[in-house]
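Notes to accompany the following structure.
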Amino acid sequence: MSGRHGDAPAATGPAPGWAVHADPAVKVAALVGFVLAVVATPRDAWWAFAADALLLAVAALAVRIPPATLARRLAVDAPFVVFAVALPFVGTDPRTEVGPLSLSVPGLWAAWGILAKAGLATSAAVLLGWTTPAAEVLVGLERLRVPRPLVAIAGFMVRYLDVVAGELRRLEVARLSRGDDPRWLWQGRAVAGTAGTLFVRSYERGERVAHAMAARGFTGTMPPTAAPRRPGAATWPVVVVPVLALATTAAALVVAR
């Protein structure tokens, strides 16, 4: 998850307490429901996507995330954008003329669906990361009865992400100090070699960590991340009811078709 609990106060002042300190299980459940509603919405239901975007805009204002930060973290959608931009040019007939370009109508609809759904789902995930530290997300998954091995895997991934990123920086410094300047396509071999070395070192590190944990009595399941705590009764309606309304709308649109 991107963002840390301390980011918001440092950048823009503390966000409202209900947004930051709500039970993580509530926020994770709301995120899952929102993403499912967005994915299930037919791509030609413009007004439904507008309602989704409005809900996200209200949430973004409530948690006081800077627009520049939101835009920067949405860069993860770049592969989807590239793929969607290509669809109108390679799609099937019928086609429509837009200036000097001949674009596929099904391709345009497919591109719109990809961009709208990926953008809304990623924005929701960014807002969760802005208000909720990764450790609390894991707590929320535990309270939602997600299988403990999956929560443990996610926890290890978050824990060692900085370690792998540091290893990558060291490999890049070593490569550049030897005169490599990977700015051209034919220089990609060095970058590929760095990626392969990073994979091997990460795999070996994982084996060493697994052996160390086994030597200390690890049995395959992690201890609970936090003591169980019931979410506040007022939190569920505020966060979940709008998501349930969107999910119901999406289901009704699918059935109506």
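All figures in this text were calculated on a predicted structure; none of them were measured in a lab.
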For this session: Spell out, yes or no, whether Val76 and Ile114 are grouped together once hydrophobic residues are joined by side-chain heavy atoms under 4.5 Å, including indirect joins.
Result: no
For this session: Can you sort out the partners of Ser104 under side-chain contact (heavy atoms from CB on, under 4.5 Å), two or more places apart, ordered by chain and number?
Result: Arg95, Pro106
Seminar exercise, completed: Taken to the nearest 0.5 Å, the spacing of Tyr160 OH from Ser202 OG works out to 11.5 Å
Problem set entry | From OG1 (Thr69) to CH2 (Trp130), nearest 0.5 Å | 5.0 Å
Exercise. Going hydrophobic residue to hydrophobic residue with side-chain gaps under 4.5 angstrom, can you get from Leu144 over to Val137?
Worked result: yes
Problem set entry | Side chain Ser177, main chain Ala174, donor-acceptor under 3.5 Å | yes
Exercise. Taking all atoms of both residues into account, what is the closest heavy-atom pair of Val158 and Ala134, and its distance?
Worked result: CG1-CB, 3.5 Å
Problem set entry | Joint cluster assignment, Val163 & Tyr203, ILVMFWY side-chain distance < 4.5 Å | no
Exercise. Are any non-hydrogen side-chain atoms of Leu74 and Leu70 less than 4.5 angstrom apart?
Worked result: yes
Exercise. If you look at every heavy atom in Gly155 and Leu138, which pair is closest and at what distance?
Worked result: CA-CD1, 3.5 Å
Exercise. Which ILVMFWY residues can you reach from Leu198 by hopping between side chains whose heavy atoms are under 4.5 Å apart?
Worked result: Val164, Leu168, Leu171
For this session: Report the distance from atom CG of Leu128 to atom CD of Glu136, rounding to the nearest 0.5 Å.
Result: 10.0 Å
Problem set entry | Flag if over 12 foreign heavy atoms under 6.0 Å of CZ, Arg145 | no
Problem set entry | Verdict with reasoning, Ile65 to Val126, per side chain to side chain contact (heavy atoms under 4.5 Å, CB included) | CA-CA 10 Å; Ile65 180 171; Val126 169; 3.9 Å; yes
Exercise. Can you tell me if Arg216 uses its side chain to pair, donor with acceptor, with the backbone of Ala212 under 3.5 Å?
Worked result: yes
Seminar exercise, completed: dist Ser123:OG -> Asp52:CG (nearest 0.5 Å) comes out at 11.0 Å
Problem set entry | Beyond-backbone contact of Val139 with Arg143, side-chain heavy atoms, under 4.5 angstrom | yes
Exercise. Is Arg170 salt-bridged to Glu167, going by a charged N under 4.0 Å from an acidic O?
Worked result: yes
Problem set entry | Worked verdict on Lys27 versus Leu31 for side chain to side chain contact (heavy atoms under 4.5 Å, CB included) | CA-CA 6 Å; Lys27 292 188 280 188; Leu31 173 64; over 6 Å; no
For this session: Calculate, to the nearest 0.5 Å, the distance between atoms OG1 and CZ belonging to Thr197 and Arg175 respectively.
Result: 10.0 Å
Exercise. When rounded to the nearest 0.5 angstrom, what distance separates OG1 in Thr122 from CG in Leu56?
Worked result: 10.5 Å
For this session: Assess whether side chain to side chain contact (heavy atoms under 4.5 Å, CB included) is satisfied between Val39 and Val35, documenting all intermediate values.
Result: CA-CA 6 Å; Val39 171; Val35 171; 4.2 Å; yes
For this session: Using the six-membered ring wherever Trp is involved, compare the ring planes of Trp112 and Phe49 and label them parallel, tilted or perpendicular (cut-offs 30° and 60°).
Result: perpendicular
Problem set entry | Side chains of Pro79 and Val82 in contact at under 4.5 Å (non-hydrogen atoms) | no
Exercise. Given the rule that I, L, V, M, F, W and Y join up when any side-chain heavy atoms are under 4.5 Å apart, are Ile153 and Phe156 in one cluster?
Worked result: no
For this session: Could you check Val81, Leu87, Val85 and say which one makes a side chain to side chain contact (heavy atoms under 4.5 Å, CB included) with Leu115?
Result: Val81
